[in-house]
Amino acid sequence: MTYLFIADLHLSPEHPRLVRGFFDLLEHYKYQNTQLFILGDWFNAWIGDDYTAPWLDEIIEHLKQFSLQTGNQIYFQVGNRDFALGQTFLNQFNGKLLPEFYTFSIGEKKFRLEHGDALCTDDISYQRFKKIIRNPIVLGLLKSTPLGFRQKLANGFRKKSRESQQNKSYEIMDVNQQAVEKAVNNVDLLVHGHTHRPEIHDVNGKTRIVLGDWREKTSEAMILEVDENADWKFIKWTISDTNHFTHD
């Protein structure tokens, strides 16, 4: 059994190379009895499970081949870019939607999974916005609006987010140490993404692993592979014409 953890792919039709890199990853792990965990920001934006497009149909087909034909399992946690993605979309390839915070065991090790944005408690404006936009009533109303309106809204959110990040310090957009210590309190390993700062951290004897974002310019991403004994490897996945692994 292989447990594979990835985050922050930001897939979109504007970046087909990242999409191909994802397809290659699925092909590499297809016959390894894999449980794939995608910890948010799988897509650069998600305007609803009723959205359809040829590029997305191709992704769904690859996911079907990865899961339905081999018995591999796909799990997904929402991120700040694709929080509107739901079980309806995942049902097409037998995927499962996980709660925002998910704890489970591999071997004798207890893991906590999350996207990572909840750890950035110093970013008060973002946390306030998140609380509003993810309110079930607000989210339900948004999903009932026309797709075109949702697309314009998503574009506006991304533009505002970019502008906001330019005016925020590095420290504010990173995790809060107290929030991290609280998150690892009852687990052995905390795995998350969101910050785009891949690294392995020691937190009072516990391990925090920050997954990397998929970068088209540098053609690489840091992903986590864990075996059934909870032995793990932090792996550099290189996005190229012929993908390969290099181990840190």
Side-chain angles (χ1 to χ4, degrees), residues 4-30 34-100 115 117 133-134 139-159 161-162 193-194 196 211-217 219-221 223 237 239-241 243:
L4 182 65
F5 303 86
I6 61 177
D8 300 293
L9 286 75
H10 296 280
L11 301 184
S12 72
E14 290 78 27
H15 297 283
R17 190 157 175 250
L18 296 182
V19 176
R20 291 196 302 271
F22 178 56
F23 292 163
D24 290 339
L25 188 77
L26 294 177
E27 186 64 29
H28 183 89
Y29 284 95
K30 182 186 293 186
T34 302
Q35 293 198 25
L36 172 62
F37 293 82
I38 306 172
L39 308 189
D41 285 5
W42 187 3
F43 296 94
N44 200 39
W46 191 262
I47 59 175
D49 288 358
D50 54 340
Y51 169 73
T52 59
W55 75 278
L56 188 58
D57 292 339
E58 188 176 5
I59 291 176
I60 293 170
E61 183 58 35
H62 278 80
L63 291 167
K64 287 179 178 178
Q65 294 175 16
F66 177 80
S67 60
L68 300 180
Q69 296 180 13
T70 62
N72 296 323
Q73 185 62 61
I74 301 169
Y75 300 92
F76 172 72
Q77 284 180 314
V78 300
N80 53 293
R81 295 294 189 97
D82 48 18
F83 58 85
L85 196 155
Q87 188 61 53
T88 299
F89 174 74
L90 299 173
N91 284 339
Q92 297 179 83
F93 44 87
N94 199 33
K96 294 183 180 179
L97 182 65
L98 297 179
E100 183 177 3
H115 177 57
D117 55 336
I133 199 67
R134 297 201 198 180
L139 194 55
L141 288 172
L142 285 175
K143 290 180 178 180
S144 68
T145 60
L147 278 170
F149 173 80
R150 279 178 267 158
Q151 184 65 69
K152 291 180 181 179
L153 195 64
N155 293 338
F157 284 159
R158 289 202 300 273
K159 181 180 179 181
S161 176
R162 287 193 298 268
H194 180 65
H196 298 187
L211 302 171
D213 58 311
W214 287 47
R215 305 181 184 187
E216 192 164 39
K217 290 183 178 179
S219 301
E220 65 183 38
I223 64 177
W237 170 252
I239 303 167
S240 62
D241 292 334
N243 283 325

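Below, each value reflects all heavy atoms present in this structure, side chains not excepted, and no hydrogens, waters or symmetry copies. These figures come from a predicted structure and were not determined experimentally. Residue numbers run from 1 in the order of the sequence given.
For the pair N72/Y29, no side-chain contact is recorded, criterion being any heavy-atom separation below 4.5 Å from C-beta on. Side chains of Y75 and L39 form no contact here, defined as non-hydrogen atoms less than 4.5 Å apart. Taking 4.5 Å as the limit, every side-chain heavy atom of D50 sits out of range of all side-chain heavy atoms of T88. Residues I223 and L25 have side chains in contact (heavy-atom distance under 4.5 Å, counting atoms from C-beta outward). Side-chain contact between L36 and L26: present, with at least one pair of heavy atoms (C-beta onward) separated by less than 4.5 Å.
With hydrogens and angles ignored, the 3.5 Å screen pairs no side-chain donor or acceptor of D82 with any backbone N or O of W46. For T34 (side chain) and K30 (main-chain N/O), no donor-acceptor pair under 3.5 Å exists by modelled atom type.
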Show me the donor-acceptor pairs within less than 3.5 Å that the side chains of residues 91-99 make with the rest of the protein, sequence neighbours left out.
residue, atom, partner, partner atom, Å
N91, OD1, Q87, NE2, 2.8
N91, ND2, Q87, O, 3.3
Q92, NE2, F89, O, 3.3

Considering only distance and modelled atom types, tabulate donor-acceptor pairs under 3.5 Å from the side chains of residues 5-15, sequence neighbours left out.
residue, atom, partner, partner atom, Å
D8, OD2, H194, N, 2.8
H10, ND1, N44, OD1, 3.2
H10, NE2, H196, NE2, 3.3
S12, OG, E14, N, 3.4
S12, OG, E14, OE1, 3.2
H15, ND1, E216, OE1, 2.6

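Atom CG of L4 sits about 9.5 Å away from atom CZ of F37, to the nearest 0.5 Å. Interatomic distance, L18 CG to W214 CH2, rounded to the nearest 0.5 Å: 7.5 Å. For the atom pair CG of D117 and CD of E100, the computed distance is 6.0 Å after rounding to the nearest 0.5 Å. With rounding to the nearest 0.5 Å, the separation of CG in L153 from CD1 in I133 is 6.5 Å. Note: H62 NE2 to E27 CD = 7.5 Å, rounded to the nearest 0.5 Å. The distance from the CH2 atom of W42 to the CD1 atom of I59 is 7.5 Å, given to the nearest 0.5 Å.
The minimum heavy-atom distance linking W237 with D24 is given by the pair CZ2-CB, 3.8 Å. Residues N80 and F83 share a closest heavy-atom pair of O-CD2, 3.4 Å. Among all heavy-atom pairs drawn from G40 and H115, the shortest one is CA-ND1, 3.5 Å. Nearest heavy-atom pair, L85 versus D49, reported as atom, atom and distance to 0.1 Å: CA-OD1, 3.7 Å.
Pairs of residues two or more places apart, or lying in two chains, never qualify as salt bridge (Lys or Arg N to Asp or Glu O under 4.0 Å) while including a residue from residues 52-68.
Salt bridge absent: R81 and D213 never bring a charged side-chain N and a carboxylate O closer than 4.0 Å.
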